[in-house]
Amino acid sequence: PLGGYIDQTGIYTAPGQPGTYTVTAKYLTLETSAAVLVKTLFLSPASREIKAKETLQFSLKYGVSEQSTTEEVQSLAQWSVLPNIGNITNGLYTPSGPGTFEVTAEYEGVKVTAEVKVLQSELKITPETATLIYGQKQQFKALADSETAETNIAWSVEDSTGGSIDSAAGLYTASNNAGTYIVKALYSGIEATAEVTVQAPVLQICPAMKMLYTNETQNFTLLVNNTTQETEIQWSATGGLIGINDGLYMAPGHAGNYI
């Protein structure tokens, strides 16, 4: 029945729709009535898509209509989510993985449900490509959903000969093997990759040729990819003397061609 049902003993069963209804009793020639206010729950939003890193706050109202009631009951209701993944407290839902979930709120014996679709986060490494020479370093970062630089990342290099990377910080050091290598980032079960090309450095001694008198000195420098290299150099000469670390050369006391 639209307004509910009442039996001859006075037991009233409310209808499935909220509203204000009137119960009437007649005795002999007398008649009286009572107003019955039937309330229900209004859960909002009824459905929503969110990202795996986001939270969702539900609104739960108790009354005859969603517009007229101001009775918020989020903190009074019993909340649950199926499948039982994630957490919901006082209507605040925090997912712990992607999927489709049913959120249920129960208050005063009334239950309402909503559907939440949690989308898989997207992980991206920046930069996506890098070209380095032997021993050069590159700082990589991982972005979740193209906006947040994550710190809880597990970094690795696919090839054991392809260099090394700080597993927590993402600082990559190129190996002394030329080639193309894959850097991986793992975050909450999501993997992203970047490509690193390692090239052998181009070395050039400057000056490339020099004519000296016997016992004359000359300072040589080493260019690595056209950039002066000042450390980690070991100098040697076939004739004369040269500082093993500083490149300062002294010609021998007799003439000749030397390297």
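In this structure, the side chain of W235 does not engage the main chain of T221 through any donor-acceptor pair within 3.5 Å. The backbone N or O of T161 lies less than 3.5 Å from a partner atom in the side chain of S175, making a donor-acceptor pair. Within the 3.5 Å criterion, the main-chain N or O of T231 finds a donor-acceptor partner in the side chain of Q229. For E108 (side chain) and T40 (main-chain N/O), no donor-acceptor pair under 3.5 Å exists by modelled atom type.
I153 contributes atom CD1, which lies 5.5 Å from atom CG of L123 (distance to the nearest 0.5 angstrom). Rounding to the nearest 0.5 angstrom, the gap separating the OG atom in S164 from the NZ atom in K137 is 6.5 Å. L92 contributes atom CG, which lies 5.0 Å from atom CD of Q57 (distance to the nearest 0.5 angstrom). The structure places CG of L248 at 8.5 Å from CD of Q218, a figure rounded to the nearest 0.5 Å.
No side-chain heavy atom of Y258 sits less than 4.5 Å from a side-chain heavy atom of L212. Residues E31 and T24 have side chains in contact (heavy-atom distance under 4.5 Å, counting atoms from C-beta outward). Within the 4.5 Å cutoff, the side chain of V116 has heavy atoms near those of the I50 side chain.
When the salt bridge (charged side-chain N to carboxylate O under 4.0 Å, His left out) test is applied to K184, the partners found at least two apart in sequence or on another chain are E158. In terms of the side chain to side chain contact (heavy atoms under 4.5 Å, CB included) criterion, residue partners of S80 (sequence neighbours excluded) are, by chain and number, T104. Taking the side chain to side chain contact (heavy atoms under 4.5 Å, CB included) definition, one finds that D7 meets it with Y5, T9, I11, sequence neighbours left out. For T214, there are no side chain to side chain contact (heavy atoms under 4.5 Å, CB included) partners, not counting sequence neighbours. Here A237 pairs with I242, Y249 under the side chain to side chain contact (heavy atoms under 4.5 Å, CB included) rule; sequence neighbours left out.
Residue pairs satisfying the ring-ring contact (aromatic ring centres under 6.0 Å, His included) criterion with at least one member in residues 93-134, sequence neighbours excluded, are listed as follows: Y62-Y107. Residues in residues 156-204 take part in no ring-ring contact (aromatic ring centres under 6.0 Å, His included) pair, two or more places apart or across chains. Within the structure, side chain to side chain donor-acceptor pair (under 3.5 Å) pairs that include any residue of residues 192-209 do not occur (at least two apart or interchain). Applying the salt bridge (Lys or Arg N to Asp or Glu O under 4.0 Å) test to every pair with at least one member in residues 111-122, sequence neighbours left out, gives no pairs at all.
For the residue pair N225/T227, the side-chain donor-acceptor check at 3.5 Å is not satisfied.
The number of heavy-atom neighbours closer than 6.0 Å to CD of E216, taken from other residues, nucleotides and ligands shown, is above 12. Shown here is I259, whose CD1 atom has no more than 12 heavy atoms of other residues, nucleotides or ligands within 6.0 Å. The 12-atom threshold is not exceeded at CD of Q78, counting heavy atoms of other residues, nucleotides or ligands nearer than 6.0 Å.
Through direct or relayed side-chain contacts under 4.5 Å between Ile, Leu, Val, Met, Phe, Trp and Tyr, Y213 connects to no other residue. Taking Ile, Leu, Val, Met, Phe, Trp and Tyr as members and joining any whose side-chain heavy atoms lie under 4.5 Å apart, directly or through other members, the hydrophobic cluster of I6 also contains Y12, Y21, V23, V36, V38. Taking a 4.5 Å side-chain heavy-atom cut-off between Ile, Leu, Val, Met, Phe, Trp and Tyr, the cluster of L82 contains only that residue.
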